[in-house]
Amino acid sequence: MSIFRNKIILGTSAVGTLIGGIVLLKDRMQGATFEKNVRADGKVVIITGANTGIGKETAYALARRGAHVYMACRDMVKCEEARKDIVLDSRNPQVYCRECDLASMQSIRQFVKQFKAEQQRLDILINNAGVMRCPRTLTKEGIELQLGVNHMGHFLLTHLLLDTLKLSAPSRIVVVSSLAHTRGQIALDDLNSVKSYDEAKAYEQSKLANVLFTRELARRLEGTGVTVNALHPGIVDTELMRHMGIFNSWFSGLFVCPFVWPFLKSPLYGAQTTLYAALDPELEKVSGQYFSDCAPKEVADQAKDDRVAKWLWAVSEKWTGTLTGTAAVS
């Protein structure tokens with residue numbers, strides 16, 4: 001669902017005929033598209049957060065290309081509604097809803113257990129789900145929510161699926177990060193935002209963690225046939241922005257959203273770089289890279305810090321219990 005589309009509808013009478021020009025401008029601001037007619041027949045794909053926004057558009061596209069799509073979502077009602085739409089559109093019955101709450105390590109472990117009972121292979125894992133700039137909230141294990149969902153939850157999910165990915169090689173992991181990583185810093189002395197919390201800094205930290213995780217995982221997966229790459233989807237008009245107060249007022253509906261909206265991608269276009277990273281044959285052996293608008297892009301200097309990447313990996317193992325079988329912050 002588009003937050004900005006709703007705001008613009010409210011403000012249409014005030015903006016008047018300017019809307020037509022805004023819509024035309026928006027059509028020109030959508031960025032690159034993945035044009036290759038690559039099929040995914042029989043490939044098994046997991047997409048987190050696949051019931052809305054970029055994840056839903058990614059699921060649509062992969063179902064149309066013949067993939068077996070597992071929609072890993074927290075809200076099963078919304079997931080089932082999205083699944084029905086995707087099946088009707090694609091005429092592909094191999095689309096499944098499975099509960100996976102990335103704010104609960106127990107839920108993640110249960111999802112993986114069920115998936116492995118149903119499938120012997122996994123060709124593409126798309127770590128798409130995320131939260132952005134929310135009030136300070138904790139996961140079930142006591143991790144700050146943005147770090148917990150955007151990084152730690154996906155760290156655990158990926159770790160638990162690595163054996164299946166290796167058996168299915170060549171296979172791919174796609175990590176949806178953000179340009180926000182360029183403003184991020186890993187708080188080595190306050191990773192969990194206990195001493196202080198800034199919703200924007202916590203989001204930027206989580207997106208930097210995505211890139212550091214991608215680069216370190218790529219190093220560890222060398223020679224396995226499993227690749228992992230990160231990407232920036234663009235600034236996309238999705239529910240992810242629901243916590244940004246500037247867009248949640250009558251004033252913004254009239255005077256802000258109509259002028260910001262043209263510069264935002266629709267979820268359909270926001271999914272294009274994900275599809276590129278997941279499907280482009282030229283990327284079969286490319287790993288540890290970062291993409292935007294279906295092309296390689298440089299990451300920020302702090303995303304190249306191997307020392308911090310290794311530190312974050314060790315902390316992530318501890319907090320997710322991937323070494324000991326437990327999961328807690330200490």
Please report the interatomic distance [atom1]([X]) to [atom2]([Y]), rounded to the nearest 0.5 Å.
| X | Y | atom1 | atom2 | value |
| --- | --- | --- | --- | --- |
| I186 | E204 | CD1 | CD | 11.0 Å |
| F291 | Q272 | CZ | CD | 15.0 Å |
| L191 | L312 | CG | CG | 6.5 Å |
| N51 | D85 | CG | CG | 11.0 Å |

With sequence neighbours excluded, residues passing side chain to side chain donor-acceptor pair (under 3.5 Å) with E35: T33
Do R136 and E144 pass the salt bridge (charged side-chain N to carboxylate O under 4.0 Å, His left out) test, and can you show the C-alpha distance, the side-chain angles, and the key distance before you say yes or no? CA-CA 7 Å; R136 191 172 193 276; E144 185 276 314; over 6 Å; no
Between K265 and E57, does any side-chain N to carboxylate O distance fall below 4.0 Å? no
Under 4.0 Å between a Lys/Arg side-chain N and an Asp/Glu carboxylate O for D123 and R121? yes
Using the side chain to side chain contact (heavy atoms under 4.5 Å, CB included) rule, pick out the option among V286, T214, T158 that qualifies with V228. T214
Given S171, which of L122, V226, V44 fulfils the side chain to side chain contact (heavy atoms under 4.5 Å, CB included) condition? V226
Decide whether a cation-pi geometry holds between R220 and W313; the criteria are a distance under 6.0 Å from NZ or CZ to the six-membered ring centre and an angle within 45° of the ring axis. yes
Begin with the C-alpha distance, continue with both residues' side-chain angles, and end with the deciding distance and a verdict on side-chain hydrogen bond (donor to acceptor under 3.5 Å, both in side chains) for S316 and H151. CA-CA 9 Å; S316 300; H151 170 63; 2.8 Å; yes
Would you call the rings of F213 and F155 parallel, tilted or perpendicular, where under 30° means parallel and over 60° means perpendicular? tilted
Does either side chain, that of E118 or that of Q114, offer a donor lying less than 3.5 Å from an acceptor on the other one? yes
Do S287 and N229 have a side chain donor and acceptor closer than 3.5 Å? no
How close do G288 and R215 get, heavy atom to heavy atom, and via which atoms? O-CG, 3.9 Å
Can you pull out every salt bridge (charged side-chain N to carboxylate O under 4.0 Å, His left out) where at least one residue sits in residues 151-176? Sequence neighbours excluded, please. K116-D163
